[in-house]
Amino acid sequence: MRVLVVGGNAGGASAAARLRRLDENAEIVVYEKGDYISFANCGLPYHVGGVIPDRSQLLVQTPQSMKERFNIDFLTGHEVTAIDRQAHTVTVRNLATGSDVADHYDKLILSPGGSPLRPPIPGIDSKGITPLWTIPDMDRIVAAVRSGARRAVVVGGGFIGVELAENLREQKLDVALVEMLPQVLSFLDPDMAAYAHQELLTHGVELHLGDGVASFAEGTDSRLTVTLASGKQLTADLVVLAIGVRPNTDLAEHAGLAIGPTHGVVVDDHLRTSDPDIYAVGDVVEVEQFVTKSRALIPLAGPANRQARIAANNIAGQDDIYRGTQGTSIVKVFDLAAGATGAGTALLTRLGIPFRSVTIHPGQHAGYYPGSTPLHIKLLYGTDGKLFGAQATGYDGVDKRIDVLATAIRMGATVDDLTDLELAYAPPYGSAKDPVNMLGFVAQNDLTQLTESVAPEQLNDELARGALLLDVRQPEETSCGLIPGAMTIPLPELRGRLNELPRDRKIIVTYCKVGLRAYVAQRILAQHGFQVANLSGGYTSWEAATTKGD
């Protein structure tokens with residue numbers, strides 16, 4: 001059996017290596033149009049920042065090492081330009097010589113990945129503007145920094161844009177981050193992305209949110225002028241485009257393979273395309289979103305590697321299926337971590353799926369043990385309690401909770417199941433009631449209507465309808481920050497001051513620093529006949545949600 005692989009990075013290299021482990025006799029050839037194979041894309045920003053000082057550490061494998069270990073031929077500088085499905089051949093161009101040859105396959109694996117978006121913005125081809133997608137891209141950015149670049153503009157607030165903004169700041173550059181959406185990290189809900197905004201601003205990154213780029217222009221002093229849609233102008237020695245990624249589907253489209261509504265290659269649960277002898281994996285494929293069963297493009301390294309393994313298993317005669325992509329991810333934003341899994345508010349709303357959510361702010365370990373810092377965790381779930389998604393930010397313990405919640409979602413867990421999880425506890429590592437358990441408890445209260453919640457983004461509407469806002473923190477806390485118009489009664493005084501509260505208002509929203517005292521106050525008020533709801537996430541969520549960029 002002769003198997004050809006198009007693309008030699010994560011998906012292609014993993015598929016080829018797995019196939020060799022299963023079939024020692026297969027002929028396996030990998031064609032890669034670039035000069036590098038199996039390099040660590042996700043590590044590129046960290047070499048720019050000097051965190052990974054040795055460039056060679058990003059080159060996980062080389063053609064020589066793959067040949068020696070797996071007897072696989074990796075041909076770099078070779079681009080597959082066409083597929084003849086009837087003849088079972090591909091046309092391969094040697095980019096160094098320009099010559100074309102035909103190569104026969106029994107099975108073909110497409111893993112061409114994606115390419116960074118480069119919209120037709122005036123001046124986008126100016127010198128000093130580059131994406132960060134490949135090793136040569138990284139080398140250009142490093143060279144610019146070493147040659148004295150002092151100000152950078154990063155366009156795009158996704159994973160790469162945020163990571164690069166951080167690492168350019170680590171190199172002492174002034175950095176402006178431009179994002180057309182009103183938030184960075186669109187995989188997060190706006191109220192959770194707000195903590196990333198705070199962290200970026202704290203570390204000196206200029207945020208220009210809800211403002212796209214109108215044009216680029218080269219100045220006489222070789223500096224670039226970036227003009228935003230709002231009319232603001234930014235100057236830069238270096239501009240990095242991190243606007244997004246499109247799947248490289250041209251080869252598949254020209255071969256007549258089915259392309260889905262998201263413009264990714266359509267595959268079945270065995271990773272077969274519409275041609276049973278051609279498989280596709282990685283950023284180029286359209287996947288099923290695990291929670292909603294909708295079609296999606298989710299370009300992440302973990303799913304790409306799992307898809308590669310499954311495709312190889314099926315080619316080798318095993319019956320293996322891919323069960324969809326949750327989108328579990330995490331990103332470092334200076335000292336903050338931000339992670340998510342499953343479906344977020346935007347996706348659930350767009351698909352018309354009813355859901356509820358709660359937000360909590362517990363410490364990542366026992367409060368009496370030194371060094372405890374808050375976690376901000378949001379849980380989204382159905383009206384039947386089934387888990388839909390989770391998001392978290394914080395300075396420690398985010399990955400642990402997101403991984404637990406990702407596993408729970410994958411196993412079809414409910415809110416009730418979270419309350420039953422027995423998780424590792426010792427004061428330096430967690431709490432006897434872990435934040436994951438607490439999510440379950442709070443969501444149970446919501447579903448059983450023991451408490452009613454109001455999200456921060458709903459607060460203004462509730463106030464406009466006549467709600468009274470009540471703060472139950474202590475005076476020393478309210479003096480440091482108060483939502484405008486709030487009435488203050490410290491929790492210990494609440495029972496004795498109930499006569500100060502009107503009973504003819506539609507709703508009374510109580511809140512405190514993180515929501516726990518608000519819950520206690522809510523239970524007191526509800527049992528005294530008041531109509532009452534809790535501001536989800538308390539003052540902490542409201543404060544984060546109202547943080548602005550520029």
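If you check the side chains of Asn248 and Ser115, you find a donor sitting under 3.5 Å from an acceptor. At a cut-off of 3.5 Å, with distance as the only test, no side-chain donor of Asp191 or Ser541 sits close to an acceptor on the other residue. Donor-acceptor pairing under 3.5 Å is lacking for the side chains of Tyr46 and Gln57. Judged purely by distance below 3.5 Å, without hydrogens or angles, the side chains of Asp396 and Gln364 pair a donor atom with an acceptor atom. Side-chain atoms of Asp417 and Thr414 form a donor-acceptor pair, as typed in the model, at a separation below 3.5 Å. No side-chain donor-acceptor contact under 3.5 Å links Thr478 and Asp471.
In this structure, CZ on Arg523 lies 12.0 Å from NE2 on His528, to the nearest 0.5 angstrom. Note that CZ of Phe388 is 9.5 Å distant from OG1 of Thr292, once rounded to the nearest 0.5 Å. Rounded to the nearest 0.5 angstrom, Leu439 CG and Leu418 CG are separated by 7.0 Å. With rounding to the nearest 0.5 angstrom, the CD atom of Glu452 is 9.0 Å from the CG atom of Asp446. Put simply, CG on Leu447 and OG1 on Thr383 are 8.0 Å apart, with the number rounded to the nearest 0.5 Å. Rounding to the nearest 0.5 angstrom, the gap separating the CG atom in Leu423 from the CG atom in Asn437 is 5.5 Å.
Aromatic ring pairs are classed by plane angle as parallel below 30°, tilted from 30° to 60° and perpendicular above 60°; the pair His376 and Tyr195 is parallel.
Under 4.0 Å is where a charged nitrogen must lie from a carboxylate oxygen, and between Asp139 and Arg55 at least one such pair does.
Across all their heavy atoms, Val153 and Ala236 have their closest contact at CG2-CB, 3.7 Å. Between Arg18 and Ala312, the shortest heavy-atom contact is CG-CB, 3.6 Å. Contact record, Val184 with His197: N-NE2, 3.2 Å, taken as the closest heavy-atom pair. Contact detail for Val267 and Arg295: the closest heavy-atom pair is O-NH2, 4.2 Å. Residues Leu300 and Asp283 share a closest heavy-atom pair of N-OD1, 4.0 Å. Residues Phe334 and Glu166 come closest through the heavy atom pair N-OE1, 2.9 Å.
With hydrogens and angles disregarded, a donor-acceptor distance shorter than 3.5 Å links the side chain of Gln391 to the backbone of Asp189. Using modelled atom types, no side-chain atom of His47 and backbone atom of Gly43 make a donor-acceptor pair closer than 3.5 Å. A donor-acceptor distance shorter than 3.5 angstrom exists from the side chain of Glu199 to the backbone of Asp335, with no hydrogens or angles considered.
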Intermediate values then yes/no, salt bridge (charged side-chain N to carboxylate O under 4.0 Å, His left out), Arg401 and Asp434: CA-CA 9 Å; Arg401 274 65 185 210; Asp434 190 84; 2.9 Å; yes
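Within a 6.0 Å radius of CD in Glu476, other residues, nucleotides and ligands contribute more than 12 heavy atoms. Enclosure of atom CZ in Phe355 by more than 12 non-hydrogen atoms of other residues, nucleotides or ligands within 6.0 angstrom is indicated. More than 12 heavy atoms of other residues, nucleotides or ligands shown are found within 6.0 angstrom of OH on Tyr425.
Annotation: cation-pi geometry satisfied between Arg473 and Tyr539 (NZ/CZ under 6.0 angstrom from ring centroid, within 45° of ring axis).
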